[in-house]
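See below for the structure under consideration.
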Amino acid sequence: LLVRFAVPPEDVEDFELGDTVEVKLENAVTRTEATIQHIAPEIDAPSQMVFIEARLEVPEDELARLRSGLPARVFPAR
């Protein structure tokens, strides 16, 4: 499972492949971690943001609640 999120171009340098981020999924009780797998090499023209994809590490008991397109909030890992 992947989470896709966007950051302003001036903040993209704060993220690197392999970094961990915390993700709060809409239907999840707790935050989960995700590992950055891809950082777009360009700025998305319509949004003026850079898109990042991270692989979710979802607990087994929460998998049934997930579906494609589910809103999520992404936070830098502490």
Side-chain angles (χ1 to χ4, degrees):
L1 298 172
L2 295 174
V3 61
R4 186 172 188 233
F5 61 100
V7 298
E10 59 271 12
D11 293 342
V12 76
E13 63 194 28
D14 295 337
F15 298 91
E16 293 184 21
L17 293 178
D19 281 357
T20 300
V21 292
E22 290 186 12
V23 180
K24 174 68 170 97
L25 299 165
E26 181 180 82
N27 289 350
V29 176
T30 60
R31 290 184 183 186
T32 188
E33 290 188 343
T35 304
I36 294 176
Q37 302 277 303
H38 177 75
I39 300 172
E42 72 283 330
I43 297 170
D44 177 67
S47 67
Q48 292 297 298
M49 302 285 268
V50 176
F51 286 95
I52 299 175
E53 291 180 347
R55 182 160 309 281
L56 286 167
E57 299 166 17
V58 180
E60 289 287 325
D61 60 336
E62 298 211 12
L63 280 175
R65 299 182 204 183
L66 302 181
R67 66 184 187 285
S68 181
L70 188 68
R73 294 192 53 113
V74 179
F75 306 90
R78 295 178 190 156

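All of these numbers come straight from a predicted model, not from anything done at the bench.
Hydrophobic cluster membership is shared by Leu56 and Phe15, with clusters built from Ile, Leu, Val, Met, Phe, Trp and Tyr side chains linked at under 4.5 angstrom. Taken together through direct or relayed side-chain contacts under 4.5 Å among Ile, Leu, Val, Met, Phe, Trp and Tyr, Val74 and Leu2 form parts of separate hydrophobic clusters. Hydrophobic cluster membership differs between Phe51 and Ile39, with clusters built from Ile, Leu, Val, Met, Phe, Trp and Tyr side chains linked at under 4.5 angstrom.
Every residue two or more places apart in sequence or in another chain was checked for a side-chain hydrogen bond (donor to acceptor under 3.5 Å, both in side chains) with Glu33, and none qualifies.
Nearest heavy atom pair, residue Lys24 against residue Arg31, reads CB-CG, 4.1 Å. Nearest heavy-atom pair across Gly18 and Thr35 is O-CG2, 3.7 Å.
Between His38 atom NE2 and Leu17 atom CG the span is 8.5 Å, to the nearest 0.5 Å. Interatomic distance, Leu25 CG to Leu70 CG, rounded to the nearest 0.5 Å: 5.5 Å.
Formation of a donor-acceptor pair under 3.5 Å by the Asp11 side chain with backbone atoms of Pro8 is not found in this model. Judged by distance alone, the side chain of Thr32 and the main-chain N or O of Glu57 form a donor-acceptor pair under 3.5 Å.
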For residues 42-50, dump all side-chain donor-acceptor pairs below 3.5 Å to protein atoms at least two apart in sequence or in another chain.
{"residue": "Asp44", "atom": "OD2", "partner": "Ser47", "partner atom": "N", "Å": "3.1"}
{"residue": "Asp44", "atom": "OD2", "partner": "Ser47", "partner atom": "OG", "Å": "2.7"}
{"residue": "Ser47", "atom": "OG", "partner": "Met49", "partner atom": "N", "Å": "3.3"}
{"residue": "Gln48", "atom": "NE2", "partner": "Ala45", "partner atom": "O", "Å": "2.8"}

